[in-house]
Trainee: 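Mind looking over this structure? Questions follow.
As the structure lists them, so they are numbered: ligands from 1, and atoms in each ligand from 1.
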Amino acid sequence: MSSLIAPHSFYISTSQESQDIDARTIQEFGIESFTLMEVAGYSAFRDLIQRLQPKSHGLFFCGKGNNAGDALVVARYLLQHGFDITAVFISGTDDLSEDTRKNFQLLKRIKEANSSIGSLTIISSWNEFDLHTEADFVIDGMLGTGLDSEVRGDYNKAITWSNKEELPVYAMDIPTGLHGDTGKVMGNAISADLTYSFGTLKQGLYLNDGPGKAGEVIYCELPFPNHLKDICSAYLLDDQYVLAEPDRSPRHKYEAGVLYVVAGSEGLTGAAMLAAQSAWAEGIGAVILVCPHGNLPIYEKALPQIIKKPIGERDDYFFKEEHTEEVIATISEKKGKVLIGPGLGRNDSTIGFVQQLLETNEGDMLLDADGLWCLAQLKEWNKPKASTWILTPHPGELSNLLGRSIEDDHDRLESVKTLSTEKNVNILSKGYPVILGTPEAKAYLTSYDTRKFSRAGFGDVLAGKIGAFWSRDNSAAKSSALALLKGKHILENLLKADSSRIVEPKDFI
Ligand SMILES: NC(=O)C1=CN([C@@H]2O[C@H](COP(=O)(O)OP(=O)(O)OC[C@H]3O[C@@H](n4cnc5c(N)ncnc54)[C@H](OP(=O)(O)O)[C@@H]3O)[C@@H](O)[C@H]2O)[C@H](O)CC1
Ligand SMILES: [K+]
């Protein structure tokens with residue numbers, strides 16, 4: 001088992017999975033749905049009270065399902081803290097779900113019993129809502145995991161009104177109109193500043209339109225037994241569980257990790273340099289650049305710290321099929337990992353060389369850039385049984401590997417899960433989010449803005465870092481995760497100093 005073990009607070013679920021966990025907690029474990037709703041609403045309240053202006057006025061947009069019930073629990077607590085509450089029931093109050101109806105009664109009862117608390121106004125349809133109502137914030141309790149199609153009727157109007165107003169919006173579980181699995185806007189969706197995700201993180205918050213619609217996501221724990229959450233297979237990537245690399249005290253420089261970088265044809269030597277320098281900066285024992293002999297002078301000058309192993313003749317400027325044996329002998333000299341791809345080029349003979357290497361080398365390999373392109377040119381590909389592979393495709397390269405186009409990030413997630421399991425490989429799929437798929441059909445998603453990295457050279461730096469962590473005996477998944485989180489931290493620090501900074505690959509070496 002090479003997957004990372006995420007704590008339960010980082011579990012990501014589909015709507016169906018969260019409904020199943022919810023139902024089993026009620027039926028098998030014996031916690032009532034009303035209690036779950038109370039915990040959900042109370043957790044959101046605990047966070048909200050610290051953000052809101054005391055005794056301000058909130059608009060609570062409610063549907064008729066349990067999502068509205070969560071909002072009504074929040075309303076009850078805020079009312080008792082002197083907030084003015086206007087609850088707008090978009091499809092009326094006659095048809096509320098059982099727990100939501102109960103919470104509606106409690107809200108009214110608490111007001112009746114305490115005249116000195118905040119004011120409570122009930123509006124029983126969207127038509128009765130005064131569009132000029134002055135308020136300080138909106139609580140979105142219209143639709144959650146129960147959304148089943150494009151947004152219908154007056155929900156549409158409420159969403160459009162809210163998106164036009166400048167009020168802060170706090171969404172219960174999922175912003176209304178966002179699909180909980182795909183993260184796609186279902187016709188129309190509310191733009192939230194913050195979303196409280198109950199019990200599990202909802203997958204749609206991280207895919208497609210999700211990050212733009214959800215704003216900040218706050219996880220609120222529900223009393224779900226952990227074992228019921230194990231039906232989830234996606235997780236948010238976080239430092240909390242991706243531990244620092246093991247502290248080894250090397251006796252010999254080669255015991256501190258060896259990474260072979262098979263890279264760099266004429267005109268593309270910059271990619272090889274970035275990858276090698278990035279790996280070297282992680283303090284591993286040796287980075288050994290395996291390069292066509294003709295390019296050696298360039299590397300001798302630019303990379304004094306890196307060991308170079310020139311391949312072929314002095315006038316070879318790219319890898320050729322006839323180099324395969326020499327390269328295999330070279331990368332077998334010391335125990336280490338192999339990164340192949342940056343700046344290899346797509347010469348026919350280079351493709352032949354890479355394909356032979358991939359089919360015959362039994363060692364562990366990290367395939368990036370042109371290495372992936374060569375792999376995708378094979379009619380059928382499979383890694384040798386004994387080796388572990390990490391593939392780092394951007395969406396175009398992933399499409400090539402799949403032999404079809406990718407529709408969106410939901411499709412990308414599903415494809416990464418399927419391909420990594422079928423081929424028994426680790427796949428780090430670049431994009432926003434980055435999706436790390438393992439052979440055990442698990443997927444880890446990044447939560448930070450990775451769009452800053454979609455420029456030339458970042459892939460080479462990332463590959464170098466993964467290779468470096470991997471060479472130090474971390475698992476493939478952990479090495480990939482460590483490299484991603486390292487990028488996240490460097491990015492955060494750079495942006496802290498200058499939020500408009502345009503970042504360069506060399507900033508991350
Ligand atoms: N984590 C948990 O399991 C918990 C979740 N809680 C909260 O409950 C919601 C899910 O509640 P549910 O009642 O299943 O569904 P919703 O509240 O999201 O809405 C369902 C109703 O909405 C109508 N609907 C569905 N799609 C549309 C649409 N496209 N346009 C308009 N209306 C729509 C539908 O009614 P119809 O009669 O029109 O079919 C549904 O009745 C979850 O997200 C959490 O917030 C618990 O509180 C705690 C445990
Ligand atoms: K909602």
Trainee: Would S149 count as a contact residue for ligand 1, given that I'm defining contact as a non-hydrogen atom of the residue lying under 4.0 Å from a ligand atom?
Mentor: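 Distance cut 4.0 Å: S149 passes for ligand 1.
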Trainee: Can you tell me which residue and heavy atom of the protein come closest to atom 14 (O) of ligand 1, and the distance to 0.1 Å?
Mentor: G146 CA, 4.1 Å
Trainee: Near the K ion (ligand 2), is there an N/O/S atom from M142 that is less than 3.4 Å away?
Mentor: no
Trainee: For ligand 1, which part of L222 has a heavy atom less than 4.0 Å away: the side chain, the backbone, both, or neither?
Mentor: side chain
Trainee: Where does M172 meet ligand 1, judged by heavy-atom distances below 4.0 Å: at the side chain, the backbone, both, or neither?
Mentor: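 The answer is neither.
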Trainee: Strictly under 3.4 Å, is the K ion (ligand 2) approached by any N, O or S atom of T195?
Mentor: no
Trainee: Is it the case that the ring center of H8 lies less than 6.0 angstrom away from the ring center of F224?
Mentor: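 Ring-ring flag for F224/H8: false, centres at least 6.0 Å apart.
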Trainee: Ring centres under 6.0 Å, that's the criterion: do F129 and F61 meet it?
Mentor: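 So the answer is yes for these two rings.
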Trainee: For V151, counting its heavy atoms only, list the atoms of ligand 1 lying under 4.0 Å from any of them.
Mentor: 29 (N), 30 (N)
Trainee: Can an N or O of A68 be found at a distance shorter than 3.5 Å from an N or O of ligand 1?
Mentor: no
Trainee: What angle sits at the K ion (ligand 2) between OG1 of T176 and OD1 of N67, to 10°?
Mentor: 100°
Trainee: Answer with side chain, backbone, both or neither: which part of E150 has a heavy atom less than 4.0 angstrom from an atom of ligand 1?
Mentor: backbone
Trainee: In the structure I gave you, are the side-chain heavy atoms of F34 and E98 within less than 4.5 Å of one another anywhere?
Mentor: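 The answer is no, as the side chains (C-beta and beyond) never meet within the 4.5 Å cut-off.
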Trainee: Among protein heavy atoms, which sits nearest to atom 37 (O) of ligand 1, and what does the distance come to when rounded to 0.1 Å?
Mentor: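 Here the closest protein heavy atom is K64 NZ, 2.8 Å.
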Trainee: Check each atom of ligand 1 against the heavy atoms of F198 and keep those under 4.0 Å away; list them by number with element.
Mentor: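 Under 4.0 Å from F198, ligand 1 has these atoms: 1 (N).
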Trainee: Do any of the N/O/S atoms of D173, backbone or side chain, fall under 3.4 Å from the K ion (ligand 2)?
Mentor: no
Trainee: For atom 48 (C) of ligand 1, which candidate among V73, T35, L36, D154 provides the closest heavy atom?
Mentor: L36
Trainee: So is K108 actually on top of F104's ring, under 6.0 Å and inside 45° of the axis?
Mentor: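 Yes, K108 lies over the aromatic ring of F104.
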Trainee: Does L143 put an N, O or S atom under 3.4 Å from the K ion (ligand 2)?
Mentor: yes
Trainee: Please determine if the K ion (ligand 2) has an N/O/S atom from I174 lying under 3.4 Å away.
Mentor: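 True for I174.
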Trainee: Checking the N or O distance criterion of under 3.5 Å, is ligand 1 in contact with D173?
Mentor: yes
Trainee: Nearest 0.5 Å please: distance from the CG atom of D136 over to the CZ atom of F83.
Mentor: 9.0 Å
Trainee: Examine ligand 1 and decide if any of its atoms is less than 4.0 Å from a heavy atom belonging to G63.
Mentor: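 In this structure, G63 fails to qualify as a contact of ligand 1 - no heavy atom is under 4.0 Å.
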Trainee: At what distance is the nearest protein heavy atom to atom 26 (N) of ligand 1, and which residue and atom is it?
Mentor: D148 OD1, 2.8 Å
Trainee: Rounded to the nearest 0.5 Å, how far does CG of D154 lie from CD1 of I159?
Mentor: 11.0 Å
Trainee: Record the part of F224 in heavy-atom contact with ligand 1 below 4.0 Å; permitted values are side chain, backbone, both and neither.
Mentor: side chain
Trainee: Run Y444 and Y235 through ring pair (Phe, Tyr, Trp, His ring centres under 6.0 Å) and show every step you take.
Mentor: CA-CA 5 Å; Y444 300 83; Y235 316 88; 5.2 Å; yes
Trainee: Can you tell me the protein heavy atom closest to atom 10 (C) of ligand 1 and the distance?
Mentor: T145 OG1, 3.2 Å
Trainee: Where is the nearest protein heavy atom to atom 46 (C) of ligand 1: which residue, which atom, and how far?
Mentor: D70 OD1, 3.6 Å
Trainee: Regarding ligand 1, does K202 bring an N or O atom to under 3.5 Å of one of the ligand's N or O atoms?
Mentor: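 The answer is no, given that K202 and ligand 1 share no N or O pair closer than 3.5 Å.
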Trainee: By number and element, which atoms of ligand 1 are closer than 4.0 Å to a non-hydrogen atom of M37?
Mentor: 47 (O)
Trainee: For atom 18 (O) of ligand 1, find the nearest protein heavy atom and state the residue, atom name and distance (0.1 Å precision).
Mentor: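 In this structure, atom 18 (O) of ligand 1 has G144 N, 2.6 Å as its nearest protein heavy atom.
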Trainee: For atom 5 (C) of ligand 1, what's the nearest protein heavy atom and its distance?
Mentor: D22 OD2, 4.5 Å
Trainee: Quick one: does W470's side chain get under 4.5 Å of L366's, heavy atoms only?
Mentor: yes
